[in-house]
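Here is the naming used below: chain letters follow the sequence lines, and residue numbers restart at 1 for every chain.
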Protein chains: 2
Amino acid sequence: MAKSNPPFMSGVPELLLLRLLDNREMYGYELVRSIKEATGEAISLGEGVIYPVLHSLERTGSLQARRKPVGGRTRVYYSLTKQGRGRLRDLQDDWRRIQSGIETALESPGHA
Amino acid sequence: MAKSNPPFMSGVPELLLLRLLDNREMYGYELVRSIKEATGEAISLGEGVIYPVLHSLERTGSLQARRKPVGGRTRVYYSLTKQGRGRLRDLQDDWRRIQSGIETALESPGHA
DNA sequence: AACCATACCTCGAACTAAAAGGTATAACAA
DNA sequence: TTGTTATACCTTTTAGTTCGAGGTATGGTT
């Protein structure tokens, strides 16, 4: 019972998070809105997606968390580790590969 | 308990199938190899993905099936219906939207 | 006091894709 | 003739992701 590979396009939420955090550290609630904004409303990922991914990225060493109290509330700021930057490059490459694969398929012979 | 929307990038296998069938009618086994080829090996979808999607597209009226005996075996050829061509346009638009959304996010301020 | 926005989090249901298995014919090689 | 490989269809099982709704808590606004 060989372990099944992840679905071929499942790295996108992870990619978007890492890309945003490559600019500056941010906290979860902020990232939820930033993704929507940065993609021009094209993609909207809820908290139920973001938080688990952040935790998983922290567990696997791509992100580093820092709790920071701000006006009575506590925010958890995330920043990229060195490993995280490598992971970002990998995911970016994966994305370009499949993106251009699809592009090729869509453009072939008979386009409208 | 409202029904959950489909995942934000789930239309791709369907899109690729419809796009290939917009050129000419093809059968399932052929489509499996064609997708791999047309995407420059970037995407490889197995029969366990292709056949169910074909059946679903036929059920919902986007595809039309025609059984055709060829050299002792029987092939099921699929072709686009008018509705299928509309569906193809919609999925293409969806794809462009999210593709350029991601593009935008990846390009923003500090690219390498 | 009621309400909304912020800010964190988790869980269950729904859905998708991956992999493997199942049937059957034809063609080729040992 | 037996075995293997390729064609061609299909389903089922399993694994993984995403969605949506929920739950807690603080602070500001009406």
Taking the side chain of [X] as heavy atoms from C-beta outward, which of [options] is closest to it?
X: B:Tyr78; options: D:dC10, C:dC8, D:dC19; result: D:dC10
X: A:Ser4; options: C:dT6, D:dT7, C:dA19; result: C:dA19
X: A:Glu47; options: D:dT11, C:dC8, C:dA7; result: C:dC8
X: B:Pro52; options: D:dT11, D:dT7, D:dT18; result: D:dT11
X: A:Phe8; options: C:dA18, D:dC10, C:dT10; result: C:dA18

Quick one: [X] [atom1] to [N] [atom2], roughly how many Å, whole number?
X: A:Asn5; N: D:dT14; atom1: CG; atom2: P; value: 18 Å
X: A:Glu30; N: C:dA7; atom1: CD; atom2: C1'; value: 12 Å
X: B:Arg75; N: D:dC10; atom1: CZ; atom2: C1'; value: 17 Å
X: B:Leu54; N: D:dA8; atom1: CG; atom2: C1'; value: 13 Å
X: A:Tyr77; N: C:dC8; atom1: OH; atom2: C1'; value: 14 Å
X: B:Lys68; N: D:dT7; atom1: NZ; atom2: C1'; value: 16 Å
X: A:Lys36; N: D:dC19; atom1: NZ; atom2: P; value: 13 Å
X: B:Leu17; N: C:dT16; atom1: CG; atom2: P; value: 14 Å

Under the side-chain contact (heavy atoms from CB on, under 4.5 Å) criterion, do A:Leu88 and A:Gln92 qualify, and how do the steps go?
-> CA-CA 6 Å; A:Leu88 171 57; A:Gln92 236 160 355; 4.0 Å; yes
Side-chain N,O ([X]) to OP1/OP2 ([N]) below 4.0 Å:
X: B:Tyr27; N: D:dC9; result: no
X: A:Arg33; N: C:dT6; result: yes
X: B:Tyr51; N: D:dC10; result: no
X: A:Tyr29; N: C:dT6; result: yes
X: B:His55; N: D:dT11; result: yes

[X] side-chain N/O to [Y] backbone N/O, donor-acceptor pair under 3.5 Å:
X: A:Ser100; Y: A:Arg96; value: yes
X: B:Thr39; Y: B:Ile35; value: yes
X: A:Glu14; Y: A:Leu54; value: no

Using a heavy-atom cut-off of under 4.0 Å over every strand shown, decide if [X] touches base, sugar-phosphate, or nothing.
X: A:Val70; answer: nothing
X: B:Gly46; answer: nothing
X: A:Arg73; answer: base

Check ion pair B:Glu30-B:Arg24 (N to O, under 4.0 angstrom) | yes
Starting at the 5' end of DNA chain D, which residue's closest nucleotide do you reach first, A:Gly11 or A:Gly71?
-> A:Gly11
A:Val70 and A:Tyr27, any side-chain heavy atoms less than 4.5 Å apart | no
5′-ward residue of the pair A:Thr74/B:Ser10 relative to DNA chain C =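 Upstream on the strand: A:Thr74.
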